[in-house]
Amino acid sequence: MDGFHHFLWPLPFQKDFVQNKVPQPNILLNHARFNSRPLMELMPETTKYVTILRHPATQFTSLFKFMDFGGLIGAKGNHKSISLDYFLDNAFRILKTLHQHNSQILIDNPSLYLLRNPQLFDLGFDQSFSENESHIRETIARISNTFHLALIMEYFDESLVLLKRKMCWSLEDVVYFKLNKQIGMNEPHWNPGIRSKIMQWTKADVLLYEYFNKSLWNEIKNEGVSFWEEVALLRKKNRELSKTCLRVGVFIDRPYKGSTAIIYGYSLKTNISIAFKLSCKRMVRSEIKYIQYFRTIYHRF
């Protein structure tokens, strides 16, 4: 949809979210809440489904700050902001209040749907079953039967090499720079109390992560010594391209217009050779700018 960078998230994906004039797509990368049937009707039968997961403790901590949940919730309770620790101690009450008395805040700020089990929610999970472990495990099993690979952020290099092998790509296809890394985020493992509370609150995400982290390593076990040689080579290529493209220093940025989050940015060198100039520009381009770029290209034809 023109003007959008997501498929009407947080609604489950539907085929009519895609403009009729668009031919059958062969790749979908925009933010979308997974909904298997309409996606499978839209995409080719040969489509490979890939997602990425992050440890729930670090993911939820990062999300709480990135989306300014403390400020959004605090504003409705006549407070300037609330801390992550305060939210976790009062999570059931806060969530109940939001759904029962402040439906407008969910309309105005749909990101608040991510206040519990955000990763499984994006994969189509109905959050009303967050206390039902058997339903959670059934959902995870369905996801496992649909997705060809779940990358694990804590083992990103290993995940990318496995993806590269499954897709018959080259290492150059998975070279990367880190994007959207927040500045000043305290890792929850520094505070065991908060970490434990997150793990209890996001139990469904914990089960999801544990399942696919185990699956990842079960697959890696069968890849042999050459797999680790490729992981080392990928890291070398990352360092080399970083040295070629990037100025040394700390540069700050915003992930998107209007965001309160502050992230590490990049500044390209001014003396990049013609052979690498286009590659370097592509490497630091954000996901939203990529969508805008592809949309511009599409409208030319």
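Fair warning: this is a prediction, and the values are worked out from it, not measured in the lab.
- Within 6.0 Å of atom CZ in R37, 12 or fewer heavy atoms from other residues, nucleotides or ligands are found, so the atom counts as exposed in its surroundings.
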query = Stepwise, does the side chain to side chain contact (heavy atoms under 4.5 Å, CB included) test hold for I82 with I94?
reply = CA-CA 11 Å; I82 65 170; I94 290 171; 4.1 Å; yes
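- The heavy-atom pair separating C280 from L268 by the smallest distance is O-CD2, 3.9 Å.
- Between D85 and K197, at least one side-chain N (NZ, or NE/NH1/NH2) sits under 4.0 Å from a carboxylate O, which counts as a salt bridge.
- In the model, N30 has no side-chain atom that pairs as donor or acceptor with a side-chain atom of W9 under 3.5 Å.
- With hydrophobic clusters built from ILVMFWY side chains whose heavy atoms lie under 4.5 angstrom apart, V250 shares a cluster with I262.
- Here the closest heavy-atom approach between residue S81 and residue G70 is recorded as OG-C, 3.3 Å.
- Residues S36 and Y49 have side chains not in contact (no heavy-atom distance under 4.5 Å, counting atoms from C-beta outward).
- Note: F177 and Y266 have tilted aromatic rings, judged against thresholds of 30 and 60 degrees for the angle between ring planes.
- For the pair E133 and R137, the salt-bridge criterion is met [side-chain N within less than 4.0 Å of a carboxylate O].
- Using a 4.5 Å heavy-atom cutoff, the side chains of W201 and F92 are in contact.
- At a cut-off of 3.5 Å, with distance as the only test, no side-chain donor of N218 or S215 sits close to an acceptor on the other residue.
- For the atom pair L207 CG and I136 CD1, the distance stands at 6.0 Å (nearest 0.5 Å).
- Counting all heavy atoms, side chain and backbone alike, A204 lies closest to N117 at N-OD1, 3.2 Å.
- Within a 6.0 Å sphere centred on OH of Y290, other residues, nucleotides and ligands contribute more than 12 heavy atoms.
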key: Test side chain to side chain contact (heavy atoms under 4.5 Å, CB included) applied to L241 and F276, step by step   = CA-CA 9 Å; L241 192 58; F276 284 96; 4.0 Å; yes
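- F147 and F212 have their aromatic ring centers separated by at least 6.0 angstrom.
- Taking a 6.0 Å sphere around NZ of K166, one finds it holds more than 12 heavy atoms contributed by other residues, nucleotides or ligands.
- Through chains of ILVMFWY side-chain contacts below 4.5 Å, V206 is grouped with M199.
- The shortest side-chain heavy-atom distance between F125 and Q119 does not fall under the 4.5 Å cut-off.
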key: side chain to side chain contact (heavy atoms under 4.5 Å, CB included) assessment of E219 paired with L149   = CA-CA 10 Å; E219 291 200 60; L149 180 65; 4.1 Å; yes
request  = Could you give me the CA-CA distance, side-chain angles and deciding distance for D205 and F60, then say whether side chain to side chain contact (heavy atoms under 4.5 Å, CB included) is met?
outcome  = CA-CA 10 Å; D205 269 6; F60 194 80; over 6 Å; no
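- Taking every heavy atom of both residues into account, L234 and D157 meet most closely at CD2-O, 3.9 Å.
- In the hydrophobic clustering, where aliphatic and aromatic side chains (Ile, Leu, Val, Met, Phe, Trp, Tyr) are joined below 4.5 Å either directly or transitively, I27 groups with L29.
- Rounding to the nearest 0.5 Å gives a distance of 11.0 Å between NZ of K181 and OG of S62.
- A distance of 11.5 Å separates CE of M153 from CG of L151, quoted to the nearest 0.5 Å.
- Residues E230 and K164 are in side-chain contact: their nearest non-hydrogen atoms beyond the backbone lie under 4.5 Å apart.
- No close placement of the F69 and F87 rings is indicated, their centers lying 6.0 Å or farther apart.
- With hydrogens and angles ignored, the 3.5 Å screen pairs a side-chain donor or acceptor of Q24 with a backbone N or O of L42.
- What you find for E41 and K15 is that their closest heavy atoms are OE1-CD, 3.3 Å.
- Between T244 and S279, every side-chain heavy-atom pair lies at or beyond the 4.5 Å cut-off.
- Both the sub-6.0 Å distance and the 45° axial angle are not jointly satisfied by R116 relative to the ring of F121.
- A donor-acceptor pair is defined here as one N or O able to donate and one able to accept, closer than 3.5 Å; no such pair exists between the side chain of N238 and the backbone of V175.
- A donor-acceptor pair is defined here as one N or O able to donate and one able to accept, closer than 3.5 Å; no such pair exists between the side chain of N213 and the backbone of Y209.
- Between the side chain of S196 and the main chain of G193, no donor-acceptor pair closer than 3.5 Å is present.
- Atom OH in Y155 sits 9.0 Å away from atom NE2 in H55 (nearest 0.5 Å).
- Between the CG atom of L53 and the CG atom of L123 there is a distance of 6.5 Å, given to the nearest 0.5 Å.
- The shortest distance between side-chain heavy atoms of L88 and F64 does not fall below 4.5 Å.
- The heavy-atom pair separating L120 from I143 by the smallest distance is CD1-CD1, 3.6 Å.
- Enclosure of atom NE2 in H31 is not indicated, since only 12 or fewer non-hydrogen atoms of other residues, nucleotides or ligands lie within 6.0 angstrom.
- Ion pair E158/R235 flagged as a salt bridge, since at least one NZ, NE, NH1 or NH2 atom sits closer than 4.0 Å to an Asp/Glu carboxylate oxygen.
- Looking at I198 and L84, their side chains come closer than 4.5 Å, going by heavy atoms from C-beta outward.
- Annotation: the span from M283 atom CE to L246 atom CG amounts to 8.5 Å, rounded to 0.5 Å.
- Panel note: side chain K289, backbone V284; no donor-acceptor pair is recorded below 3.5 Å.
- Inter-residue side-chain proximity for M67 and P118 is flagged as unmet; no heavy-atom pair is nearer than 4.5 Å.
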